[in-house]
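We count ligands from 1, going down the list as the structure has it; atoms in each ligand are counted the same way.
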Amino acid sequence: MRYLTKTTAAENIATQCLILGVFDGKHPGASISGLPATPRKPIQAALKKGDLGEKSAPTLMLYAVPGFKAERVLLLSLGERKSFDARKLASAMGTAIALLNKNATRDCALLMPEELRENNELYSATRDLVIAGEEQLYCFDQCKSKKNRPKKPLGKLTLVTADRKQAGILKKALKHGSAIAGGMTLAKNLANLPGNICTPGYLADTARKLGRKSTKLKATALTEKQMQRLGMGALLSVSRGSREPAKLIILEYRGAKETSRPVVLVGKGLTFDAGGISIKPSANMDEMKYDMCGGASVLGTLQACVELELPINVVGIVPSSENLPDGDANKPGDIVTSMAGLTIEILNTDAEGRLILCDALTYAERFKPAAVIDIATLTGACVVALGHHTTGLLGNDDKLAEELLQAGECINDPAWRLPMNDDYARQLDSNFADMANIGGKGAGTITAACFLSRFTEKYKWAHLDIAGTAWKSGKDKGATGRPVPLLMQMLLKRSKQVE
Ligand code: BES
Ligand code: MN
Ligand code: ZN
């Protein structure tokens, strides 16, 4: 959808639908009380009938309101005045956009509530409402022969303010919001594609296509042969059971001077995880096409960096493979040697994510990173611990961890930190190799991070376990695009584009 801003009074807006926010209770708020008497009185009369309610009926459509150029007026419930904030507006606008997309309205305008006075709040509300809106408009029908799209989709939203100074803030927020939403859409599309289409090769091609969009972005993909030469024995062992060649995708975005150390994002790109010889149960195994959501979020984030031309250097690394049972697949008890030289006893072939990530994390060293963040659908245990709402966060640097927690909080893409220490790390001791790839019963998310931490000692590192947050199962099965917002908020802040 296109997003615009306009500085004018509500009465003058020529639109198919003017959206006015309304609070619960006696005082509906400045959007209504600030209007001239002609449109205000019929609106107040309609509100008095009591049909508008936040939960039961969050919107009320009025036609032919006198004194307005708008063809329709949509009254949008914003809940109670005292609990109103940026997030409330964004989520209410998600509802409004979904509704207008289904009816005959092609363009709409929102009178920005005056109650959002502070610049930061105005910025957040605007950015969040674009993200919420695009979420509602998202539709994955690439693989359906009959597309069931709305006949008259909503194509344009204008944000209206009476204050010229606010328009600049709104413009910046719209730009950021669109880029973040675009990154999420790319991540969702890749993740929703089935494993027979979205293979490691497909991910590599997508990265190369991104690379062609900008001279600031260089995309390459290492072949198995090249990985062999680098000694990536852990990564390649996972791919041995698959007929699709593994790829190590590398995206280098140069937005700042060459000497500026990059933030390196490493995303798990397992395009299908059957578990290997330690095969998974068949119920819901289809969901393991989502095991590349970490990698998809890295591609989405880099796309957004390119779109915003952020003045920062960012490197994306996506180790990509399938994990399948086969005569040549890893067997429990096999010992492999990682690029770092550490030997690993594979006690469970289904703990493959850490095996492909560890070599990618070693590869990350060559970029002299300011920080490395890996993003992975790594453990079912994380879903048990935090459910589908909160991403698991672990790492070796308190400041970096705090930075990511705050970024997630700020953009409504929350994470929560889990502890990590030698007591947990000892669960990975092996009788036959330097370490085992599983840590036995208990603390599965933490022992997985402990495994990775053996390969990240040379830099500041954080790990995001998105097993629960990257997609939804059940009726609303589909990818969420998380944690693109969290990563982008962090990069916007590091590159001083936001306060
Ligand atoms: N991709 C899975 C983790 C996963 C499970 C993500 C469920 C989302 C939902 C990962 O490769 C895996 O299989 N992990 C194992 C590790 C275990 C063998 C130590 C797990 O969590 O069961
Ligand atoms: Mn697995
Ligand atoms: Zn996996």
Side-chain angles (χ1 to χ4, degrees), residues 191 195 198 200 203 234-235 237-242 244 246 266-297 318-326 329-334 344-358 360 374-392 394 418 424-425 427-428 430 435-452 463-474 477-480 482-483:
C198 184
L203 280 182
L235 194 164
S237 79
V238 174
S239 164
R240 272 218 328 271
S242 155
E244 292 289 338
V266 179
K268 175 178 176 184
L270 224 292
T271 58
F272 189 76
D273 180 14
I277 297 299
S278 315
I279 196 164
K280 287 181 183 292
S282 40
N284 302 324
M285 205 206 266
D286 64 291
E287 294 185 348
M288 282 300 124
K289 71 174 182 178
Y290 289 122
D291 214 12
M292 35 59 73
C293 279
S297 77
V318 180
S320 185
S321 167
E322 293 181 326
N323 185 27
L324 295 171
D326 180 82
N330 275 330
K331 302 174 291 300
D334 282 2
I344 303 160
E345 185 185 16
I346 300 172
L347 291 174
N348 189 319
T349 67
D350 198 10
E352 85 298 337
R354 58 200 79 181
L355 295 175
I356 67 168
L357 285 167
C358 71
D374 80 76
I375 308 109
T377 47
L378 204 62
T379 63
C382 192
V383 191
V384 176
L386 297 172
H388 296 282
H389 310 293
T390 310
T391 294
L394 301 100
L418 297 173
Y424 293 106
Q427 290 182 227
L428 294 166
S430 159
M435 62 202 295
N437 78 327
I438 55 169
K441 274 219 169 74
T445 303
I446 299 173
T447 53
C450 287
F451 180 96
L452 298 177
H463 161 63
L464 295 170
D465 193 329
I466 56 167
T469 53
W471 80 87
K472 293 184 182 125
S473 40
K477 188 186 284 187
T480 61
R482 290 176 68 181

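When distances from the Zn ion (ligand 3) to the N, O or S atoms of Glu352 are compared, OE2 comes out shortest. Atom OD2 is the N, O or S atom of Asp273 at the shortest distance from the Zn ion (ligand 3).
Ion pairing between a basic and an acidic side chain is recognised when a charged N comes within 4.0 Å of a carboxylate O; Asp291 and Lys268 show such pairing.
The Mn ion (ligand 2) is the vertex of the angle joining OE1 of Glu352 and OD2 of Asp273, which measures 100° to the nearest 10°.
Numbered from 1 in the order shown, with element, the atoms of ligand 1 that lie under 4.0 Å from a heavy atom of Glu352 read 11 (O). The ligand atoms of ligand 1 that sit less than 4.0 angstrom from a heavy atom of Trp471 are 8 (C), 9 (C). Within the listing of ligand 1, atoms 3 (C), 4 (C), 5 (C), 7 (C), 20 (C), 21 (O) sit less than 4.0 angstrom from a heavy atom of Gly380.
With atom 18 (C) of ligand 1 as the reference point, the heavy atom nearest to it among Asn348, Leu355, Thr379 is part of Asn348. Of all the listed residues (Lys280, Met288, Glu287), Met288 holds the heavy atom that lies closest to atom 9 (C) of ligand 1.
If you look at Lys268 next to ligand 1, the close heavy atoms, those under 4.0 Å, all belong to the side chain.
The shell of residues lying under 4.0 angstrom from ligand 1, judged by heavy atoms, excludes Phe451.
Distance check for atom 22 (O) of ligand 1: every protein heavy atom is found at 4.0 Å or beyond.
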